[in-house]
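Heads up, the thing below is written out as structure tokens.
Positions are given from 1 along the sequence. What you see below is based on every heavy atom in this structure, not just the backbone, and it leaves out hydrogens, waters and symmetry mates.
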Amino acid sequence: MPTTQAPTNWAGNITFSAARLHHPDSVDELRRIVSSADRVRVLGTGHSFNRIADTEGDLVNLDRLPHRVEIDPGKGTATIAAGMRYAHVAQALHAEGFALANLASLPHITVAGACTTATHGSGSDQRCLAAAVAGLEIVGPDGEVTRIGRDEEPDRLNGAVVGLGGLGVVTAMTLDIEPTFDVAQWVWTGLPLDRLDDSFEEIFGAAYSVSVFTDWRSGEGVVWLKCRTDLPDPPEPGEPWLGARPANRHHHPVPAMPPLHCTEQLGAPGPWHERLPHFRPDFTPSNGDELQSELLLPREAASAAFAALRGLGDRIAPVVQVSEVRTVAADELWLSPAYGRDSVAFHFTWVPDHDAVIEVVGAMEEALLPLGARPHWGKLTAAAPERILSSYDRAGDFARLLAEHDPAGKFRNAYLEGYFPTG
């Protein structure tokens, strides 16, 4: 039975407007809900900070659908229930000797929610999480299930994966997998921020996955290196590196927070899914104490972006908890912020003061959008939709894909209509 109590997102800054919230326990029940509804949106773990999942109609959460992890070793893929969290998928794959190439900083998010917004991890050779999708199973507006596969319709799949929830309810995803591997994680503190510019390639090429944390005012950063044990060694553990000092204790990305919730550091090797995220799956690192925004720029714009953000440091620092710099490889997904270009990503975890934060976000976007910045679809932005879409070559193709899959607009909401109006 649906509930009518208004749910909120993970951070509590959004209260959803849905008339009903459903938790179907089978795909057949989901199909009945979709076919009979006027408007439908899907809610995962609610780890978006805007109204991308909102609706005044029926909101559907897939958390009670049966878990599904079907591995095809010959094809190097696994078909999983899209509403599963990455932590559960990773544990099931690792138990069978397999891995995903990368993970986001939080393993608590759902696979479908992460992929439909082009969420990413880190690594100069690693694409966003959605680029691992080889196939989709989608419940359309009539309640029928259709499949889009890479082998049959590669370009359509590239358009559909980062679908912003507009094509239907994704019930299953087929993901590329590989043999399991181990990762060791080291932290260096006190990196002079000038090094981000002077030694950009060395820093972000030093490990399989690299993150640099800073507030843009202190003049220093903290570097996290996640190193595959089957790949070349990182900088010499225990030795200074680029002016930074090796950490002798565990760290949390936010300096004032205890590291209890974080994945193992200090070079202790462990399975990929226990090191690639920043946070452990058996803890929720925070809830309701932050806002987030993120901008992805072409790698060649990194130097100009560093200068712009340092110039805004006195405005950023009072309202930021921490900012994270990562790299992401180019992909072919139409609405991915890394579409067609190797990218550098600037993520911001803010204090929970929307008015103060959005003013600073707007100032950053004024400086970075002319450099080619694309905001993350699930986070805060002050930029107008038409300005954001102007940097997406396939935006018109995606608008036509939306109309083809959902001509009556059953899966539309105000957020999607703002970017792709039906008129």
Side-chain angles (χ1 to χ4, degrees), residues 1-68 79-86 88-89 108-119 130 133 135-148 160-174 377-378 401-402 405-417 419-420:
M1 293 293 292
T3 60
T4 56
Q5 182 178 356
T8 66
N9 67 337
W10 181 83
N13 68 305
I14 299 292
T15 299
F16 295 106
S17 308
R20 292 162 294 277
L21 173 62
H22 303 266
H23 293 268
D25 57 15
S26 69
V27 173
D28 284 342
E29 182 184 357
L30 170 65
R31 293 175 59 194
R32 290 192 292 271
I33 292 168
V34 170
S35 63
S36 62
D38 293 324
R39 291 287 185 271
V40 181
R41 294 293 286 180
V42 180
L43 177 65
T45 54
H47 198 77
S48 292
F49 295 81
N50 57 35
R51 293 194 172 274
I52 188 171
D54 200 16
T55 181
E56 295 183 352
D58 290 82
L59 197 59
V60 176
N61 192 309
L62 306 182
D63 57 346
R64 296 179 191 170
L65 290 187
H67 283 194
R68 174 186 177 190
T79 299
I80 59 97
M84 291 178 66
R85 301 183 182 215
Y86 269 100
H88 299 144
V89 173
H108 310 75
I109 56 178
T110 64
V111 178
C115 290
T116 200
T117 57
T119 295
V133 177
L136 299 172
E137 294 176 17
I138 305 176
V139 175
D142 56 1
E144 295 301 310
V145 179
T146 60
R147 176 175 170 81
I148 305 173
V161 176
V162 185
L164 310 182
L167 304 180
V169 181
V170 178
T171 57
M173 288 180 158
T174 299
W377 293 106
L401 191 66
L402 279 177
H405 275 258
D406 184 25
K410 177 172 286 193
F411 300 109
R412 288 181 173 269
N413 62 357
Y415 175 95
L416 202 59
E417 194 70 20
Y419 287 94
F420 301 98

**Item:** Partners meeting ring-ring contact (aromatic ring centres under 6.0 Å, His included) with Y86 (sequence neighbours left out)
**Value:** none
**Sequence-distant partners of H405, ring-ring contact (aromatic ring centres under 6.0 Å, His included), two or more places apart** = none
**Complete:** Residues at least two apart in sequence or cross-chain that pass side chain to side chain contact (heavy atoms under 4.5 Å, CB included) with D28, listed by chain then number, are S26, R31, R32
**Request:** Test H47 against N9 for side-chain hydrogen bond (donor to acceptor under 3.5 Å, both in side chains), laying out the working first.
**Result:** CA-CA 6 Å; H47 198 77; N9 67 337; over 6 Å; no
**Request:** State which residues pass salt bridge (charged side-chain N to carboxylate O under 4.0 Å, His left out) with D54; sequence neighbours excluded, sorted by chain then number.
**Result:** R51
**Request:** Evaluate the side-chain proximity of I33 to V40: yes if any heavy-atom separation is below 4.5 Å, no if none is.
**Result:** no
**Request:** Measure across V162 and A130 and return the closest heavy-atom pair with its distance rounded to 0.1 Å.
**Result:** CG2-CB, 4.1 Å
**Prompt:** Is the backbone of N50 close enough, under 3.5 Å, to the side chain of S48 for a donor and an acceptor to pair up by distance?
**Reply:** no
**Request:** List for me each residue that meets side chain to side chain contact (heavy atoms under 4.5 Å, CB included) alongside A160, sequence neighbours excluded, and say none if there are none.
**Result:** L136, I148, L167, L401
**Asked** Do the side chains of V60 and L43 get nearer than 4.5 Å, heavy atoms only?
**Response** no
**Prompt:** Which heavy atom of A114 sits nearest a heavy atom of I109, and at what distance?
**Reply:** CB-CD1, 3.8 Å
**Item:** Derivation and outcome, salt bridge (Lys or Arg N to Asp or Glu O under 4.0 Å), residues R64 and D25
**Value:** CA-CA 5 Å; R64 296 179 191 170; D25 57 15; over 6 Å; no
**Request:** Only counting residues at least two apart or in another chain, list the ones meeting side chain to side chain donor-acceptor pair (under 3.5 Å) with T117.
**Result:** T119
**Message:** A side-chain contact here means heavy atoms from C-beta on lying under 4.5 Å apart; do V34 and D142 qualify?
**Reply:** no
**Residues forming a side chain to side chain contact (heavy atoms under 4.5 Å, CB included) with T15, sequence neighbours excluded** = A6, T8
**For the student: nearest non-hydrogen atoms of Y415 and Y419, plus distance** = O-CD1, 3.3 Å
**Item:** Whether N13 side chain and F49 backbone form a donor-acceptor pair below 3.5 Å
**Value:** yes
**Message:** V169 vs F411, test: side chain to side chain contact (heavy atoms under 4.5 Å, CB included). Steps then yes/no.
**Reply:** CA-CA 8 Å; V169 181; F411 300 109; 4.0 Å; yes
**Request:** Please round to the nearest 0.5 Å and tell me the distance separating atom CD1 of I52 and atom CH2 of W377.
**Result:** 8.0 Å
**Message:** Can you confirm whether more than 12 heavy atoms, excluding those of D38, are under 6.0 Å from its CG atom?
**Reply:** no
**Prompt:** Who are the ring-ring contact (aromatic ring centres under 6.0 Å, His included) partners of F420, not counting sequence neighbours?
**Reply:** F398
**Prompt:** Do W10 and T45 have side-chain heavy atoms sitting under 4.5 Å apart?
**Reply:** no
**Request:** Hey, could you give me each pair passing salt bridge (charged side-chain N to carboxylate O under 4.0 Å, His left out) that has a residue in residues 405-414? Not counting sequence neighbours.
**Result:** R412-E417
**Item:** For R39, side chain to side chain donor-acceptor pair (under 3.5 Å) partners two or more places apart
**Value:** none
**Fill in**
For R68, the side chain to side chain contact (heavy atoms under 4.5 Å, CB included) test, sequence neighbours excluded, returns E70, T79, A81, E137, A172
**Message:** Could you measure the distance from the CE atom of M173 to the CE atom of M84? Nearest 0.5 Å is fine.
**Reply:** 13.0 Å
**Request:** For residues V145 and I138, determine if any side-chain heavy atom of one lies less than 4.5 Å from a side-chain heavy atom of the other.
**Result:** no
**Request:** Check L59 against A53 and note the closest heavy-atom contact, atom names and distance.
**Result:** CD1-O, 3.1 Å
**Prompt:** Are V111 and I80 side-chain neighbours, meaning at least one heavy-atom pair lies under 4.5 Å?
**Reply:** yes
**Prompt:** Partners of E56 by salt bridge (charged side-chain N to carboxylate O under 4.0 Å, His left out), sequence neighbours excluded?
**Reply:** none
**Message:** What I want to check is whether the side chains of N61 and H22 have a donor and an acceptor closer together than 3.5 Å.
**Reply:** no
**Prompt:** Do T55 and S17 come within less than 4.5 Å of each other through their side chains, counting heavy atoms only?
**Reply:** no
**Check: R41 side chain, G165 main-chain N or O, donor-acceptor pair, under 3.5 Å** = yes
